[in-house]
Colleague: 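Would you mind keeping the following structure in view while I ask a few things?
Each chain gets a letter, A, B and so on, in the order its sequence line appears, and its residues count up from 1. Only this structure's heavy atoms are used, side chains among them; waters, hydrogens and symmetry mates stay out.
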There are 2 protein chains.
Amino acid sequence: MTAIGDAAQQAGGADTPRADAERVMRIGEVAALTGTTPRTIRYYEEIGLLSGGDTRVLGQHRCYSQADVDRVHEIVRLKELLGLSLEQLSQLLEAETARAEIRRELHATDDPGRQRELLLQSDGHIANQLTLVRGRLTELAKLEADLSERARRVRQRLEQLGA
Amino acid sequence: MTAIGDAAQQAGGADTPRADAERVMRIGEVAALTGTTPRTIRYYEEIGLLSGGDTRVLGQHRCYSQADVDRVHEIVRLKELLGLSLEQLSQLLEAETARAEIRRELHATDDPGRQRELLLQSDGHIANQLTLVRGRLTELAKLEADLSERARRVRQRLEQLGA
DNA sequence: TGCTAAGCTGACGTTCACGTAAGGAAGCAT
DNA sequence: ATGCTTCCTTACGTGAACGTCAGCTTAGCA
């Protein structure tokens, strides 16, 4: 439901304008859209969190697509929710990276064997993420229970006083 | 259920040995018990996260009780689970601080008005923590749902291939 | 009383995740 | 061609959260 990186369906010819989905953006726009800064985007590229478009020559402006925006959103989200270091994140985000790779290859290849392999990889990465997230969820739930219990006790005492 | 800072019941006389609950510990032991280091403990004291026993004179060894160990555990727990800065933590932990204060005053005073006030404060702080924790819980749940959905799709594709 | 382990107080070093400033070049419109 | 804006690279700065080292004192024990 949230923007998690479905770069829409790309099906049409190669010359269709298609104003929105495959618009080319520059760093400032990406930063604005993701609530970050150009510096942050470059930093993420520097440490390997963002692809860094291998085609670009030194000095040229960086180009981004909606998929990149989605990825940055994911990064920020995971970073905040899980409180991970960017190092740990880049481990986790192999999933995203692989996923992008897969989307490309999946459409490029006809070999069902290869497709199967790619999908299995993707599944593995997602499973990793899920494990981590679910762990956090149960720990947080425990914390919530503890806090609720404490609140209950305090209110119980208040009632005793009131009576 | 977890160690959240119930420094056991202290009721008996003042000279009972009571080997365990009120044992005096030093910084190294606290560090070991909480998976931190002496430096970290001192740092937490420095920035006001730990009380710093106002009675101690410069140069003397720091003394800790089980309650302090519990508090450090809480700090670490909140820090990791919520990914908060120590600054934010010290805000949140007003609750703990107040709670310790309250425990002391609650037993010291007979004034039900004052007791009521203290309990209300405590309740407020806990409510704050709960709000934060529940917010995280729902966000994490959303993330979990997203990931599950993705996993489902990938597996669906795999089935299509297999068929 | 003397020893040793552990602790104490500075004070400087370090890693992460960027912020910020300088000087120059790319992109786009006119 | 000329601006103007945005971006580029390089490099140094910064705050948080400790690590680490030096030199000295305290606590507990024989």
Side-chain angles (χ1 to χ4, degrees), chain A residues 17 19 23-65 68-69 71-93, chain B residues 17 19 23-65 68-69 71-93:
Chain A
R23 246 185 68 229
V24 155
M25 301 187 277
R26 277 166 312 173
I27 201 169
E29 193 172 355
V30 174
L33 286 175
T34 56
T36 63
T37 72
R39 174 63 169 113
T40 298
I41 305 288
R42 283 190 215 106
Y43 179 64
Y44 286 178
E45 178 186 325
E46 188 184 331
I47 63 175
L49 267 179
L50 259 46
S51 52
D54 328 323
T55 60
R56 194 175 120 266
V57 272
L58 197 72
Q60 271 185 336
H61 291 190
R62 290 170 177 80
C63 287
Y64 299 95
S65 68
D68 296 307
V69 173
R71 182 171 172 96
V72 174
H73 267 134
E74 266 301 271
I75 292 176
V76 172
R77 190 185 190 188
L78 290 173
K79 181 171 133 69
E80 298 206 332
L81 253 74
L82 303 183
L84 301 178
S85 72
L86 296 184
E87 173 87 19
Q88 297 171 294
L89 259 187
S90 77
Q91 304 247 342
L92 241 185
L93 281 175
Chain B
R23 246 185 68 230
V24 154
M25 300 187 278
R26 278 166 311 171
I27 200 168
E29 193 172 354
V30 175
L33 285 175
T34 57
T36 62
T37 72
R39 175 63 170 111
T40 298
I41 306 289
R42 282 189 215 106
Y43 179 65
Y44 286 178
E45 178 186 325
E46 188 185 330
I47 63 174
L49 266 178
L50 259 47
S51 53
D54 327 324
T55 61
R56 192 175 122 268
V57 274
L58 197 73
Q60 271 187 336
H61 291 189
R62 291 170 176 80
C63 287
Y64 300 94
S65 69
D68 295 306
V69 173
R71 181 171 172 94
V72 175
H73 267 133
E74 264 303 88
I75 292 176
V76 172
R77 190 186 190 187
L78 289 173
K79 180 170 133 68
E80 297 206 332
L81 252 72
L82 303 182
L84 300 177
S85 72
L86 297 184
E87 173 86 20
Q88 299 171 293
L89 258 187
S90 77
Q91 304 248 340
L92 240 186
L93 282 176

Colleague: To the nearest Å, give me how far apart CE (B:M25) and P (D:dG28) are.
Modeller: 15 Å

Colleague: How would you label the contact of A:R42 with the nucleic acid (heavy atoms, under 4.0 Å): base, sugar-phosphate, or nothing?
Modeller: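 It contacts base atoms.
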
Colleague: Round to the nearest Å and state the distance from A:I27 atom CD1 to C:dG27 atom C1'.
Modeller: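 Distance check: A:I27 CD1 to C:dG27 C1' gives 15 Å.
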
Colleague: Whole angstroms only, please: what is the CD-P distance between A:Q88 and C:dC16?
Modeller: 11 Å

Colleague: Looking only at side-chain atoms of A:Q60, point me to the closest of C:dG27, C:dG19, D:dC18.
Modeller: C:dG27

Colleague: Using heavy-atom distances to pick each residue's nearest nucleotide on DNA chain D, tell me which of A:R56 and B:S85 is more 5'.
Modeller: A:R56

Colleague: C:dC18 C1' sits how many Å from A:E87 CD, rounded?
Modeller: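 For the pair A:E87 CD and C:dC18 C1', the rounded distance is 16 Å.
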
Colleague: Checking contacts here: which listed nucleotide (C:dC18, D:dC8, C:dG7) is nearest the side-chain heavy atoms of A:R39?
Modeller: C:dC18

Colleague: Let me know the distance between CD of B:E46 and P of C:dG10, rounded to the nearest Å.
Modeller: 10 Å

Colleague: Counting only side-chain N and O atoms of B:T37, is one of them less than 4.0 Å from OP1 or OP2 of D:dC18?
Modeller: no

Colleague: So what does A:I47 hit on the nucleic acid, given a heavy-atom distance under 4.0 Å: a base, only sugar-phosphate, or nothing?
Modeller: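 Nothing: the residue A:I47, judged by heavy atoms under 4.0 Å, touches no strand.
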
Colleague: Can you tell me how far P of D:dA27 sits from CZ of B:R26, to the nearest Å?
Modeller: 9 Å

Colleague: Provide the closest heavy-atom pair for B:H61 versus B:R56 in the form atom of the first, atom of the second, distance.
Modeller: O-CD, 3.4 Å

Colleague: Of the options C:dG7, C:dC18, D:dT6, whose atoms approach the side-chain atoms of B:H61 most closely?
Modeller: C:dG7

Colleague: From the list D:dA27, C:dC8, C:dG19, which nucleotide is the closest neighbour of the side chain of B:R62?
Modeller: C:dC8

Colleague: Let me know the distance between CD of B:E80 and C1' of D:dA17, rounded to the nearest Å.
Modeller: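 Rounded to whole Å, this separation is 14 Å.
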
Colleague: Is the closest side-chain heavy-atom distance between A:L82 and A:Q88 below 4.5 Å?
Modeller: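 No, their side chains stay 4.5 Å or more apart.
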
Colleague: Decide yes or no for A:Y64 and A:V72: does some side-chain heavy atom of the first lie under 4.5 Å from some side-chain heavy atom of the second?
Modeller: no

Colleague: Is A:R71 salt-bridged to A:E74, going by a charged N under 4.0 Å from an acidic O?
Modeller: no

Colleague: Are any of the side-chain heavy atoms of B:L86 and B:L89 separated by less than 4.5 Å?
Modeller: yes

Colleague: Is the shortest side-chain N/O distance from A:K79 to OP1 or OP2 of C:dC16 below 4.0 Å?
Modeller: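 Answer is no, no contact under 4.0 Å.
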
Colleague: Output the single nucleotide from D:dC18, C:dT9, D:dC7 whose closest atom is nearest the side chain of B:L86.
Modeller: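 For the B:L86 side chain, the nearest candidate turns out to be D:dC18.
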
Colleague: If I take atom CD in residue A:E45 and atom C1' in nucleotide C:dA17, what distance separates them, rounded to the nearest angstrom?
Modeller: 16 Å

Colleague: From C-beta outward on A:Y43, which listed nucleotide comes closest to its side chain: D:dT9, C:dC18, C:dG19?
Modeller: C:dC18

